[in-house]
**Student:** 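Pasting in a structure now, in structure tokens, and then I'll have a few things to ask.
Sequence lines set the chain letters: A, B, ... in the order given, protein chains first and strands last, and positions in each chain run from 1.
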Amino acid sequence: MHQRTLDQWSRGASWLHRRDARAKALGTLALLALISSAPVRAAPLYLGVTAILAAGILVARLPLAAVLLRAAIVIPLSLTFAALVAIQGDVAKAAALVVRTYLSAAAALLLVGVTPLPKLLDGLRRLGVPKMIILTTQFLYRYLFVLVEQSQHMRIAASARGGGRVLRAIGLRRAAGSVAVLFARSYDRAEGIYRAMLARGFQGEFRLLEPTRFGWADSLLLGGLVLVCAVLGWSLPAA
Amino acid sequence: MTPLIEATGLHYRYPNGTAALNGVDFALQEGETVALFGPNGSGKTTFVLLLNGLIFGTGALNVCGIGVSRKTAAAVRRKIGIVFQDSDEQLFMPTVLEDVTYGLLNMGADERVAVEAARKALGQVGAAHLEQRAPYHLSAGEKRRVALAGVLVMQPDVLILDEPTTFLDPPGQRDLVHLLRQLPQAKILVTHDTEFAGALASRAVFFERGKVLGSGPVEEVIQRFRWSLDYD
């Protein structure tokens, strides 16, 4: 499962994994700002960002091909918008749109691939992101596992009764019904999880072991990233 | 001796109007292990949720000298530990160690103390080697042990286990019986497994349609309500 792979990646022990979540989040933000503000014709900048991301993936000892492939999940969506731009005659802008989206996705993927979500959210909370957003994201992440598990159980149950062929025969209407059942079952499961959390004293906050501490290596990472982004951004002509 | 749990005339109605409990009287003494029997939907699980202050009904309910209400729910939850039927619902932190420390950290324990206590609880349930594992990668038996450790670490006065043998193979069930026998807490076992109940409980209470129909020694209750796997 996609989120389980990410979860496993994020539990690595590389130098990058050990860095404070705030340094990684802010560094990623700098990269995203650079990507989004880049001019259309800025191949060296895109290559520079690609090199930074590739270096990050290698330092984190993540599977390079798998990360690059997973980041491509955004391409169909960006291609849709790029096609609209290309139809209007601006092919270079369309290409830049696809490249920017892909690099942004890869940067975000690298961030979550080297930072366990609870630590990332804790870092964001320390950076001043509202508690409600943090909590909602935490629940969303946990319930995503629930949703996927439930859908897998239902798929297996349907397959055991010839579901694939039946589904094709009965069409979308019954499939929509299955989705409704999936949500109802996931809701019940989510209620169960929430009850179990309350039973163990949940008071609206996930407390972590080893809360992150911002050290010199974190300053080095963040400072280095911001500096490289500034140099790359400054060295290119305005859009 | 004052019972650890004392319920008198307990009623509960679900938001859709279904009456789940219709006047339950129940008492649990210190050190006692009681099995709750009864058909599905008879109110057993609803009853234990009330005991833990997770839902609130009407009637008198005292847990370890605390009257259960919304105001006292947090204190009540420290006294009662529930191991839920589905361990997957109970294990939600990224690693086993983080999951077991979860309750203690919520209670305001220092991180070092919480980790020490969690390791001790994991050792107690024979799961010390799992502390860095992700809960969703464990077997059903391992999950059950970790879920139990997550509750034991909070040192509750009463331990409630909801269908504890579900998903467990016979060796897993045997291990669980041995483990539970060593725990000093009073226990409530919500179960359909009469053998498991007989191995641990001194008394059984039979629920039906939200009422307690009878109570007594486990074998006697099984006979009286024909609550066994006798296929003849």
Side-chain angles (χ1 to χ4, degrees), chain A residues 1-13 17 21 112 115-122 135 138-150 152-153 184-213, chain B residues 45 48-49 51-55 73-115 118-119 131-137 147 149-154 156 160 162:
Chain A
M1 275 184 300
H2 189 65
Q3 77 273 24
R4 283 206 173 161
T5 307
L6 280 180
D7 198 56
Q8 280 166 355
W9 285 355
S10 71
R11 310 227 157 256
H17 282 91
V112 293
T115 322
L117 195 83
K119 286 195 173 171
L120 180 58
L121 292 176
D122 186 54
L135 204 58
Q138 186 96 43
F139 276 114
L140 185 73
Y141 184 71
R142 180 60 183 87
Y143 291 160
L144 199 61
F145 280 88
V146 173
L147 196 70
V148 171
E149 276 169 24
Q150 289 296 331
Q152 281 180 339
H153 292 161
R185 287 175 61 164
S186 302
Y187 181 81
D188 280 348
R189 191 74 188 270
E191 282 279 295
I193 292 169
Y194 184 61
R195 255 200 315 257
M197 288 166 65
L198 282 182
R200 287 200 286 158
F202 178 67
Q203 289 164 352
E205 194 175 349
F206 286 90
R207 288 189 59 196
L208 288 179
L209 291 176
E210 305 168 37
T212 47
R213 288 174 186 84
Chain B
T45 298
V48 297
L49 293 179
L51 294 184
N52 196 248
L54 290 169
I55 53 176
V76 168
R77 288 171 196 155
R78 291 177 184 211
K79 301 286 183 186
I80 303 259
I82 297 191
V83 181
F84 288 88
Q85 179 177 2
D86 187 348
S87 304
D88 278 327
E89 288 180 355
Q90 194 152 353
L91 307 174
F92 42 78
M93 294 300 276
T95 64
V96 164
L97 187 65
E98 282 171 286
D99 204 281
V100 178
T101 55
Y102 171 84
L104 273 186
L105 293 173
N106 280 336
M107 286 164 63
D110 173 71
E111 185 188 316
R112 194 179 46 81
V113 173
V115 169
R119 288 193 168 130
E131 71 168 57
Q132 288 308 322
R133 299 269 300 274
Y136 51 77
H137 284 154
V151 170
L152 286 179
V153 77
M154 297 169 76
I160 298 175
D162 191 359

**Student:** What part of B:I55 is in contact with chain A, defined as an atom under 4.5 angstrom from a non-hydrogen atom: side chain, backbone, both or neither?
**Tutor:**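 For B:I55, neither part sits under 4.5 Å from chain A.
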**Student:** Once you round to the nearest 0.5 Å, how far does CZ of A:R200 lie from CG of B:L104?
**Tutor:**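 Taking CZ in A:R200 and CG in B:L104, the distance rounds to 9.5 Å.
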**Student:** If I measure from the heavy atoms of chain A, does B:V115 come under 4.5 Å with its side chain, its backbone, both, or neither?
**Tutor:**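 Looking at B:V115, just its side chain touches chain A.
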**Student:** What part of B:D86 lies closer than 4.5 angstrom to a heavy atom of chain A: side chain, backbone, both or neither?
**Tutor:**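 It is the side chain, since no backbone atom gets that close.
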**Student:** Side chain from CB out, backbone as N, CA, C, O: work out which of these in B:D99 comes under 4.5 Å of a heavy atom of chain A, or both, or neither.
**Tutor:**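 For B:D99, backbone and side chain are both near chain A.
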**Student:** Considering only heavy atoms, which portion of B:A109 lies under 4.5 Å from any heavy atom of chain A: side chain, backbone, both, or neither?
**Tutor:**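 Just the backbone, heavy atoms under 4.5 Å.
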**Student:** Identify which of B:I82, B:V151, B:D88 forms the greatest number of heavy-atom pairs closer than 4.5 Å to chain A.
**Tutor:**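 The answer is B:D88.
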**Student:** Just give me the residue among B:V83, B:I80, B:T101 that pairs up with chain A most often, heavy atom to heavy atom, under 4.5 Å.
**Tutor:**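 Max contact count across the listed options: B:T101.
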**Student:** Measure B:M107 against the heavy atoms of chain A and call it side chain, backbone, both or neither at under 4.5 Å.
**Tutor:**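 B:M107 has no heavy atom closer than 4.5 Å to chain A.
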**Student:** How many angstroms lie between atom CG of B:L54 and atom CE of A:M197, to the nearest 0.5 angstrom?
**Tutor:**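 The CG atom of B:L54 sits 12.0 Å away from the CE atom of A:M197.
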**Student:** Are more than 12 heavy atoms from other residues, nucleotides or ligands located less than 6.0 Å from atom OH of A:Y194?
**Tutor:**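 Counting other residues, nucleotides and ligands, OH of A:Y194 stays at 12 neighbours or fewer.
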**Student:** Tell me, out of A:A199, A:G201, A:A190, who's got the most heavy-atom pairs with chain B below 4.5 Å.
**Tutor:**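 Highest number of heavy-atom pairs under 4.5 Å: A:A199.
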**Student:** List the atom of A:G192, the atom of B:E89, and the distance in Å for their closest heavy-atom pair.
**Tutor:**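 Closest approach of A:G192 to B:E89: CA-OE1, 3.5 Å.
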**Student:** Answer with side chain, backbone, both or neither: which region of A:P118 has an atom nearer than 4.5 Å to a non-hydrogen atom of chain B?
**Tutor:**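 Interface part for A:P118: side chain.
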**Student:** When rounded to the nearest 0.5 angstrom, what distance separates OG1 in B:T95 from CZ in A:R11?
**Tutor:**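 Here the rounded value is 6.5 Å.
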